[in-house]
2 protein chains.
Amino acid sequence: MLNEFDLFKDFLRQQNLRWTPQRKMILEVFLSFEGHVEMEALHKQILIHQPDLGIATLYRTLKLLTDCGLIEAHSFQNGKKTYERMFHVRHHDHLICTRCGDTVEFEHPLIEKYQLQICEQYGFTLKHHKMELLGICRNCLK
Amino acid sequence: MLNEFDLFKDFLRQQNLRWTPQRKMILEVFLSFEGHVEMEALHKQILIHQPDLGIATLYRTLKLLTDCGLIEAHSFQNGKKTYERMFHVRHHDHLICTRCGDTVEFEHPLIEKYQLQICEQYGFTLKHHKMELLGICRNCLK
DNA sequence: CATTAAATTGATAACGGTTATCAATATAAA
DNA sequence: TTTATATTGATAACCGTTATCAATTTAATG
Ligand SMILES: [Mn+2]
Ligand SMILES: [Mn+2]
Ligand SMILES: [Zn+2]
Ligand SMILES: [Zn+2]
């Protein structure tokens, strides 16, 4: 059964890039998170495993993981990126509370279908999409 | 008939802020653009009217216009913001060509309706949303 | 019109997440 | 081992945007 490590190794070999302890460790730590991972939290956790890992290596590795499709980078409100596991994860979109930052994942097949229709109508080849519903969550309204 | 200038003046008065020549000029120049306005293009055009206008004043004024709802700030791919007139403009979402950057505006009533349903389902009060369909346009495929 | 308190302006420094640079080091193929 | 090349970590640079601050302008009041 294929997993993320195999896929990453294959991707690296294909591009004449190298499988290194740092890349292995970063992927391991990343996968230990759930949902949307912020750079700051990830970096903090990674320093526990390897205190001298350069921040540049972390950014570079996340870019590689993005390039090979294993993870996805989001640019939500505040300018900071978050990263999300993509392998063996269903597509979904996000509800985001603008007060507390909480996010809820959802999927809606008809919305997905209409998006495709719209692209056809305008002659676009859809690669991906971003749909974020921004509002106030139940807790924050209390 | 109310226009953007009246609304902006009212907003400023309400907040104990002041109606200044700079704010008037920035709004005028902004309204002379169509669609999505990039800071760089706006700034260039503004310097024609007032060569010594400080960039901070431009940012501050765009923030005010955003706060009072006359314009909306988008954060597309590249980190730069674009601004869009909101007053007397129908809501719409965007198709974006990731190759040439061209954008097409569209609206789809059913998608809007389902978005509201999803928010109800999860107990969110929807404030606004962002839907971007990213793909390759007809021209770029040739 | 003159006075006055408070808001605004423009210049510029600072910010912060991210990327580029580069010499030292590690990888992997031969 | 040898060798070519990719990678790493430190750190400077980047760049759009914000914060700071003294000088100026606004608008309410007398
Ligand atoms: Mn998600
Ligand atoms: Mn919409
Ligand atoms: Zn909330
Ligand atoms: Zn295009």
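Convention: sequence-line order gives letters A, B, ...; per-chain numbering from 1. Because the structure is a prediction, the values reported are computed rather than measured.
Here the closest non-hydrogen pair linking Phe5(B) and Lys24(B) is CE2-O, 3.9 Å.
Of the candidate nucleotides dG9(D), dG17(C), dG16(D), dG17(C) has the atom nearest to the side chain of Tyr59(A). Out of dG9(D), dT8(C), dA11(C), the shortest distance to the side chain of Ala56(B) is found at dA11(C). For Leu17(A), the side-chain atoms get nearest to dT7(D) when compared with the rest of dT7(D), dT26(D), dT18(C). In the set dT11(D), dT27(C), dT8(C), dT8(C) carries the atom at the smallest distance from any side-chain atom of Thr20(B).
Residue Arg60(A) is classed as a base contact, given a heavy-atom separation below 4.0 Å to a base. In this structure, Gln15(A) reaches neither bases nor backbone, as no heavy-atom distance under 4.0 Å exists between it and the strands shown.
Residue Arg18(A) places none of its side-chain N or O atoms closer than 4.0 Å to OP1 or OP2 of dA26(C). Put simply, Gln22(A) has no side-chain N or O that comes within less than 4.0 Å of OP1 or OP2 on dA26(C). OP1 and OP2 of dA19(D) both lie 4.0 Å or more from every side-chain N or O belonging to Lys63(B).
Taking the six-membered ring where tryptophan is involved, the planes of Phe8(A) and Phe11(A) are essentially parallel, since the angle between them stays under 30° and well short of 60°.
One can place OH of Tyr83(A) at 8 Å from C1' of dT18(C), the figure rounded to the nearest angstrom. When rounded to the nearest whole Å, the span between CD of Glu38(B) and P of dT17(D) equals 10 Å.
In this structure a side-chain-to-backbone donor-acceptor pair under 3.5 Å is present from Arg99(B) to Cys140(B).
The C1' atoms of five pairs define one axis at each end of the helix from dC1(C)-dG30(D) to dA30(C)-dT1(D), and these two axes lie 30° apart (to 10°).
Taking a 6.0 Å sphere around CD of Glu40(B), one finds it holds 12 or fewer heavy atoms contributed by other residues, nucleotides or ligands.
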Q: Mind running side-chain hydrogen bond (donor to acceptor under 3.5 Å, both in side chains) on His92(A) and Glu84(A) for me, showing each step along the way?
A: CA-CA 11 Å; His92(A) 57 262; Glu84(A) 186 174 16; 2.7 Å; yes

(Q) Go through it in stages, so that I can follow the logic: the residues are His91(B) and His128(B), the test is ring pair (Phe, Tyr, Trp, His ring centres under 6.0 Å), and I'd like the CA-CA distance, side-chain angles, deciding distance and then a yes or no. (A) CA-CA 10 Å; His91(B) 168 74; His128(B) 58 285; 10.0 Å; no

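Where Pro21(B) and Glu40(B) each meet DNA chain D at their nearest nucleotide, the meeting point lying more 5' is that of Glu40(B).
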